[in-house]
Amino acid sequence: MAAPTPVSAYLHSAAMVAAGVLLIGRVYPLLQKSEVLLDALLLFGIASMAVGGVLALTRNVLKQLLAYSTVAQYGFVVTMYGLGGPYGAGGAAFYVICHALAKSALFMTAGTVTEATGEDRLSRLGGLRKPMPLLAAASVLAAANLVSLPLTVGFFADEFFFAASLERGPLFAGLAVASAGITLTYTWRFLSGIFGGSPKAEARHVPRLLVAPVVALGLIGLVGGFVTRPFESLSEAAGEVSFGAPTPMDASYHLEILPEYVMALAAYALGATLILSR
């Protein structure tokens, strides 16, 4: 995490952390033949979600918080492979894409804030929404994608996760909701610690080139909530290789009340409760 921020953003959101998941996806045709191996994926995935989420709730250094959140969210992906089925294999690929967009933006937010203030700890930051409004708005968009709020492409990533968990029963559905709620909690902690409250550090002017990538990635996540076909195509192609059969991904909104929507509302409610409880 001592690397320059663009390097951290690349390695810890899209490249290095995805390497192990890529290998799981490539050998998945063999893994899914064994219930023991699928159960092992479930075990390690759920453990990663729990440990990474709890540690993200306790970190003070910006990059550490984001790094542990990455541990948790790649736990989501491994869990989806363990759950299996078209939603598991295709949804895992979809989740990797959405996570890369959102988390790389938030890593660059952390770097830009540190560049502007000289501080890298939540306890020494706050109130930067006023001197850095564009960065704040772009970071909110990226965070909305990460926590799977409606109107972002990340909403469908959680929908596929919920659908895969529902196929395995209420226990896994409950774990999925709890993990999504914790994701909302530590993401709020990151945003509110930087941009909320009263100012604790003076923000210097930063070049627009430091803010532009965060804006671009945040907008891609927002546009992807409506133009979903490129994300569907990538995840379907990857899912078919892993699953050995077509994995159609329907990233669209439905007027009826789906169980996945109820689970999403439950996750938002849980996250809000954790935030308000301090």
Is the [atom1] atom of [X] crowded by more than 12 outside heavy atoms at less than 6.0 Å?
X: Phe44; atom1: CZ; answer: no
X: Glu167; atom1: CD; answer: yes
X: Arg26; atom1: CZ; answer: no
X: Ile257; atom1: CD1; answer: no

So [Y] and [X], do their side chains get closer than 4.5 Å, heavy atoms only?
X: Ser165; Y: Met263; value: yes
X: Phe195; Y: Leu135; value: yes
X: Pro259; Y: Phe162; value: no
X: Ile182; Y: Met49; value: no
X: Leu42; Y: Arg168; value: yes
X: Ser34; Y: Leu31; value: no
X: Leu149; Y: Tyr268; value: yes

Exercise for review: Decide side-chain contact (heavy atoms from CB on, under 4.5 Å) for Leu57 and Tyr68; before the verdict, give the C-alpha distance in whole Å, the side-chain angles of both, and the deciding distance to 0.1 Å.
Suggested key: CA-CA 9 Å; Leu57 289 172; Tyr68 281 117; over 6 Å; no
Under 6.0 Å between ring centres, would you say that holds for [X] and [Y]?
X: Phe155; Y: Tyr261; result: yes
X: Tyr87; Y: Phe243; result: no
X: Phe76; Y: His99; result: no
X: Tyr28; Y: Tyr81; result: yes

Counting distance only, does the side-chain N/O of [X] pair as donor-acceptor with the main-chain N or O of [Y] below 3.5 Å?
X: Thr117; Y: Ala203; answer: no
X: Ser104; Y: Leu101; answer: yes
X: Thr228; Y: Ala251; answer: yes
X: Arg129; Y: Gly197; answer: yes
X: Ser148; Y: Gly154; answer: yes
X: Thr112; Y: Leu210; answer: yes
X: Ser233; Y: Pro230; answer: no

Which heavy-atom pair separates [X] from [Y] by the least distance, and what is that distance?
X: Gly75; Y: Thr79; value: O-OG1, 2.7 Å
X: Ser235; Y: Thr247; value: O-OG1, 4.2 Å
X: Leu166; Y: Ala173; value: CD2-CB, 4.0 Å
X: Leu146; Y: Lys103; value: CD2-CE, 4.0 Å
X: Val206; Y: Ala116; value: CG1-CB, 3.5 Å
X: Ser139; Y: Thr109; value: OG-OG1, 2.8 Å

For the [atom1] atom of [X] and the [atom2] atom of [Y], what is their distance to the nearest 0.5 Å?
X: Leu30; Y: Ile24; atom1: CG; atom2: CD1; result: 13.0 Å
X: Lys63; Y: Arg121; atom1: NZ; atom2: CZ; result: 13.0 Å
X: Arg204; Y: Met132; atom1: CZ; atom2: CE; result: 10.0 Å
X: Thr183; Y: Leu270; atom1: OG1; atom2: CG; result: 10.0 Å
X: Leu122; Y: Lys200; atom1: CG; atom2: NZ; result: 9.0 Å
X: Leu175; Y: Leu171; atom1: CG; atom2: CG; result: 5.0 Å

Review point. Is the Phe231 ring parallel, tilted or perpendicular to the Phe94 ring (thresholds 30°, 60°)?
Key: tilted
Exercise for review: Decide side-chain contact (heavy atoms from CB on, under 4.5 Å) for Arg208 and Leu134; before the verdict, give the C-alpha distance in whole Å, the side-chain angles of both, and the deciding distance to 0.1 Å.
Suggested key: CA-CA 10 Å; Arg208 291 182 180 178; Leu134 183 59; over 6 Å; no
Exercise for review: List the steps, then state whether side-chain contact (heavy atoms from CB on, under 4.5 Å) holds for Leu41 with Leu83.
Suggested key: CA-CA 8 Å; Leu41 289 179; Leu83 293 169; over 6 Å; no
Practice item. Show your working on side-chain contact (heavy atoms from CB on, under 4.5 Å) between Glu260 and Leu258 and close with a plain yes or no. Key: CA-CA 5 Å; Glu260 294 89 328; Leu258 299 178; 3.5 Å; yes
Following the transitive rule for hydrophobic clusters with a side-chain heavy-atom cut-off under 4.5 Å over Ile, Leu, Val, Met, Phe, Trp and Tyr, establish whether [X] and [Y] coincide in one cluster.
X: Leu151; Y: Val147; value: yes
X: Ile97; Y: Met80; value: no
X: Val77; Y: Leu234; value: no
X: Leu106; Y: Tyr74; value: no
X: Phe160; Y: Ile46; value: no

Check your understanding: Step by step, would you call Phe156 with Phe161 a ring pair (Phe, Tyr, Trp, His ring centres under 6.0 Å)?
Key -> CA-CA 9 Å; Phe156 303 108; Phe161 180 38; over 10 Å; no
Exercise for review: From the options Asn60, Val61, Leu125, Val113, select the one residue that forms a side chain to side chain contact (heavy atoms under 4.5 Å, CB included) with Asp120.
Suggested key: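 So, applying the side chain to side chain contact (heavy atoms under 4.5 Å, CB included) to Asp120 and each of Asn60, Val61, Leu125, Val113, only Val61 qualifies.
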Point to revise | Stacked cation flag Arg189 on Tyr186, 6.0 angstrom / 45 deg | key: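 Pair Arg189/Tyr186 does not count as cation-pi.
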